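Notes follow the structure.
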Amino acid sequence: MTAPTVAGTTLFDDLPPAHPSSFAQWRALTGRIVYTMVTKGELIVALLFPLVITVAFYLPLRYVMKVQGIDYAQYVMPIIVLQTMAMTMMSNAQLAAFEALTGLSTRLQTMPIGSLVPLLSRISAGLVRSVVSLIATIGYGYLIGFRFTGGWVQALAFVGFALAVGVVLTLGADALGSLTKNPESLSQALTLPILIFGMLSTGFVPEQAFPSWARAFARNQPISQAAQTLSDMAAGQLSWAGTWVSLAWLGGLAIFFLPLAVWASVRRS
């Protein structure tokens, strides 16, 4: 007499086989980050930071520039937009550093998740923050007198170029955050170049306001070129001759930052 055999069964036998979707994974991880930004008030900061920057930069110099015949609201808005994009860069750098520090990045690498999904989710969430900040910045700009005078096509080009700058800067910041794993020191390290390149640019004051020895640097550095391109777009004066330098800077930074961000995200520490 033999004992009856029972086929081995498990709790999950009746479930269909799993088919991991990179798109679903990206959507879930991006949603997690955006939800965290909403619940922790980061999007409120994204709305208020452009207001602080606008007031801090516009009010002290508006009368001085008015005497010189410069509509300062129109003049200063491009650099304010770039400063808000820099805020997104710093936020993404801190996020990448925090995920690397807490081991979340390493944990995701051991799961059946697309290798580029975590990076893409951080960049996408950063783009959401950039869009919110940019809408707020343009709104505050309209309150102080800024206007798009070149039509809606160049206004859309203004928005597209600003967001492209934000994405490229975010790629570099994400790579730096993934490599350093130190959110506190990273924030301090990124603040200094933002201040130096911002204040030594023609986005705040015309080139003639700089000492003669500093004018070449102030005129040709990437922040000045990007600010001038945005100014031309807002005024309806966009041309290839006035844009190719800033596009070259943007393309060069993208070529450098994109593979660096990918390597920093997928490497195993």
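If you're wondering where the values come from, they're calculated on a predicted model, not measured in any experiment. We're numbering straight along the sequence, starting at 1.
The backbone N or O of Arg107 sits less than 3.5 Å from a side-chain atom of Thr110, completing a donor-acceptor pair. Ser201 contributes a side-chain N or O that, together with a main-chain N or O of Gly198, makes up a donor-acceptor pair within less than 3.5 Å. The main-chain N or O of Ser231 is never found under 3.5 Å from a side-chain atom of Tyr75 such that the two would form a donor-acceptor pair. A donor-acceptor distance shorter than 3.5 angstrom exists from the side chain of Asn220 to the backbone of Ala216, with no hydrogens or angles considered. In this structure, Gln225 contributes its side chain and Leu247 its backbone to no donor-acceptor pair below 3.5 Å. Checked by atom type and distance alone, the side chain of Thr39 pairs as donor or acceptor with a backbone atom of Thr36 at under 3.5 Å. Distance alone, capped at 3.5 Å, places no donor-acceptor pair between the Gln83 side chain and the Ile53 backbone. A distance-only check finds no donor-acceptor pair linking the side chain of Tyr72 to the backbone of Leu59 [under 3.5 Å]. The closest donor-acceptor contact from the side chain of Gln154 to the backbone of Ala235 lies at 3.5 Å or more, if one exists at all. Ser224 places a side-chain N or O within 3.5 Å of a backbone atom of Thr202 that can act as its donor or acceptor partner.
Listed here is the closest heavy atom pair of Ser22 and Gly114: OG-CA, 4.4 Å. Counting all heavy atoms, side chain and backbone alike, Ala254 lies closest to Pro259 at O-CD, 4.1 Å. Heavy atoms only, all atoms of each residue included: Thr54 and Pro50 are closest at OG1-O, 2.6 Å. Here the shortest heavy-atom pairing between Trp26 and Ser124 reads NE1-OG, 2.9 Å. Taking each heavy atom of Arg129 and Asn92 in turn, the nearest pair found is NH1-OD1, 3.2 Å. Here the closest non-hydrogen pair linking Tyr140 and Leu47 is OH-O, 2.8 Å.
A 4.5 Å side-chain heavy-atom check between Thr170 and Met85 finds every atom pair outside the cut-off. Using a 4.5 Å cut-off on side-chain heavy atoms (C-beta onward), Leu82 and Leu230 make contact. A heavy-atom distance below 4.5 Å is not found between the side chains of Gln221 and Trp249. In this structure the side chain of Met233 never reaches within 4.5 angstrom of the side chain of Val159, judged on heavy atoms. For the pair Leu116/Ser265, no side-chain contact is recorded, criterion being any heavy-atom separation below 4.5 Å from C-beta on. Put simply, the side chain of Thr137 reaches to within 4.5 Å of the side chain of Met77, judged on heavy atoms. Within the 4.5 Å cutoff, the side chain of Val76 has no heavy atoms near those of the Met65 side chain.
The 12-atom threshold is exceeded at CG of Leu48, counting heavy atoms of other residues, nucleotides or ligands nearer than 6.0 Å. Crowding of Phe98 atom CZ: a count of heavy atoms from other residues, nucleotides or ligands under 6.0 Å not exceeding 12.
There is no path of hydrophobic side-chain contacts, each under 4.5 Å, that joins Val132 to Phe158. One hydrophobic cluster holds both Leu104 and Ile123 under the rule that ILVMFWY side chains link at heavy-atom gaps under 4.5 Å. With hydrophobic clusters built from ILVMFWY side chains whose heavy atoms lie under 4.5 angstrom apart, Phe49 does not share a cluster with Leu43. Trp244 and Ile255 sit in two unconnected hydrophobic clusters of ILVMFWY residues. Membership requires side-chain heavy atoms under 4.5 Å apart, directly or through other members. Note on Leu169: it clusters hydrophobically with Met199, by side-chain heavy-atom contacts below 4.5 Å among ILVMFWY residues.
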After noting the C-alpha distance and the side-chain angles of Thr30 and Tyr35, does the key distance pass the side chain to side chain contact (heavy atoms under 4.5 Å, CB included) rule?
CA-CA 8 Å; Thr30 303; Tyr35 177 79; over 6 Å; no
Show your reasoning for whether side chain to side chain contact (heavy atoms under 4.5 Å, CB included) applies to Gln228 and Arg219.
CA-CA 10 Å; Gln228 184 60 52; Arg219 179 178 64 252; over 6 Å; no
Evaluate the criterion side chain to side chain contact (heavy atoms under 4.5 Å, CB included) for residue pair Leu250 and Val165; output intermediate values, then yes/no.
CA-CA 7 Å; Leu250 189 62; Val165 170; 4.0 Å; yes
Determine, step by step, whether Thr88 and Ser130 satisfy the side-chain hydrogen bond (donor to acceptor under 3.5 Å, both in side chains) criterion, reporting the C-alpha distance in whole Å, the side-chain angles of both residues, the deciding distance to 0.1 Å, and the verdict.
CA-CA 6 Å; Thr88 299; Ser130 293; 3.1 Å; yes
Between Asn182 and Leu101, does a side chain to side chain contact (heavy atoms under 4.5 Å, CB included) hold up when you go through it step by step?
CA-CA 7 Å; Asn182 192 328; Leu101 177 66; over 6 Å; no
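Taking CG of Leu120 as the start and CG of Asp174 as the end, the distance is 10.0 Å to the nearest 0.5 Å. Here Met87 contributes atom CE and Glu42 contributes atom CD; the two are 9.0 Å apart, rounded to the nearest 0.5 Å. Between the CD1 atom in Ile138 and the CD1 atom in Ile80 there is a gap of 12.0 Å [rounded to 0.5 Å]. Residue Ser105 holds its OG atom at 5.5 Å from CZ of Arg122, rounded to the nearest 0.5 Å. Rounded to the nearest 0.5 Å, atoms CD (Gln237) and CG (Asp232) are 6.0 Å apart. Annotation: the span from Gln25 atom CD to Ser121 atom OG amounts to 10.5 Å, rounded to 0.5 Å.
Residues Arg215 and Glu207 are not paired through a salt bridge, judged by the lack of any N-O separation under 4.0 Å between the basic side chain and the carboxylate.
With hydrogens and angles left out, the side-chain atoms of Thr84 and Ser133 include no donor and acceptor closer than 3.5 Å.
Relative orientation of the Phe217 and Phe197 rings is tilted, given thresholds of 30° and 60° on the angle between their planes. Using a 30° and 60° split on the angle between ring planes, Phe148 and Tyr142 fall in the tilted class, from 30° to 60°.
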